[in-house]
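Structure record follows, encoded as structure tokens.
Any value given below was found using the heavy atoms of this structure, including those in side chains, with hydrogens, waters and symmetry copies removed. This chain uses plain numbering: 1 for the first residue, then up along the sequence. As the structure is a computational prediction, the values presented were derived from the model and not from experiment.
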Amino acid sequence: MREWPGGSLGLYCGGGWHGVVPLRRLSAPDAARVKAYRKHAREGTLAPVLLWWVPFLDGWLILDGHDRAVAALAEGGPPKCVVLTRLSEEARWREEAEQLAEGHRQRAARLTAVPAHGRKSMDQGYGDLLAGLPYEPAGLPTWPLPGGARAWDALAARAVFQFPGD
């Protein structure tokens, strides 16, 4: 969604929209900061954009990296992203990850005589294996705010620093 704050999600929420919503107005592709990030995008050194999945939007919010996202798009590709999430069965996931890590440490200790390129390949395979561990994002808990809309407006007024008119 590139039109901010005037964009509309009404027709798109639910049913598989899976769009990305910025939390602030996106900078122009020729803005100074974006130009600096565009160089990183061309060189492959651009840091990822931090996203957060929001079920009721059926999409993601950009938490950090608005200008990096613009730079990547201006250079012709989607930005690399990292999703902030909470795991639904974190204890089980961590146990499995620790077992994999221990197995990797044991293999690495046995392979100290392996040339560096072999270790690099093994480390890449280990990273791919960890990245492929199954997980499902936990649902987003919600609850009513004591004080209702008036309390929300008061909280929002204190939180909005960059765009006080919002």
Side-chain angles (χ1 to χ4, degrees), residues 1-101 127-128 130-166:
M1 187 173 129
R2 295 179 190 216
E3 298 83 28
W4 190 94
S8 173
L9 298 175
L11 297 174
Y12 303 107
C13 287
W17 177 62
H18 295 265
V20 178
V21 179
L23 289 179
R24 66 166 177 83
R25 183 179 311 277
L26 296 175
S27 300
D30 61 348
R33 186 175 176 99
V34 174
K35 283 183 181 179
Y37 284 139
R38 288 180 73 167
K39 180 179 179 210
H40 285 283
R42 287 190 299 273
E43 295 171 352
T45 59
L46 187 64
V49 174
L50 179 62
L51 301 177
W52 182 34
W53 175 256
V54 180
F56 75 86
L57 289 177
D58 197 22
W60 289 270
L61 294 177
I62 298 179
L63 296 181
D64 183 57
H66 291 74
D67 290 341
R68 293 190 306 273
V70 172
L73 292 169
E75 289 301 316
K80 291 186 179 183
C81 298
V82 174
V83 176
L84 177 66
T85 188
R86 180 176 26 172
L87 303 176
S88 56
E89 295 184 35
E90 186 173 352
R92 182 178 63 82
W93 188 92
R94 287 188 181 280
E95 181 181 326
E96 189 173 344
E98 182 52 40
Q99 289 172 358
L100 289 170
D128 291 344
L130 273 181
L133 283 177
Y135 70 92
E136 290 294 324
L140 183 66
T142 60
W143 54 92
L145 179 66
R150 183 171 290 154
W152 170 257
D153 290 341
L155 286 170
R158 290 195 307 264
V160 178
F161 299 111
Q162 191 171 3
F163 302 101
D166 290 350

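Taking CZ from Arg33 and CZ from Arg68, the interatomic distance works out to 8.0 Å, rounded to the nearest 0.5 Å. A distance of 10.5 Å separates CG of Leu61 from CH2 of Trp53, quoted to the nearest 0.5 Å. Separation of atoms CG (Leu51) and CG (Leu63) is listed at 7.5 Å; rounding is to 0.5 Å. In this structure, the separation between CD on Glu75 and NE2 on His40 is 12.0 Å, given to the nearest 0.5 Å.
The two atoms that bring Trp152 and Leu145 nearest to each other are N-CD2, 3.4 Å, heavy atoms only. Between Leu73 and Pro78, the shortest heavy-atom contact is CD2-CA, 4.2 Å. Of all non-hydrogen atoms in Val70 and Ser27, the two that sit nearest each other are CG1-O, 3.6 Å. Of all heavy-atom pairs between Ala74 and Pro29, the closest is CB-CB, 4.2 Å. The two residues Ala41 and Ala72 have their closest heavy-atom pair at CB-CA, 4.3 Å.
Considering Leu23, Val21, Val20 as possible partners of Ile62, the one that fulfils the side-chain contact (heavy atoms from CB on, under 4.5 Å) test is Val20.
By the 4.0 Å N-to-carboxylate-O rule, Asp67 lies close enough to Arg24 to be salt-bridged with it.
Proximity of Val49 to Asp64: side-chain heavy atoms (C-beta onward) are nowhere separated by under 4.5 Å.
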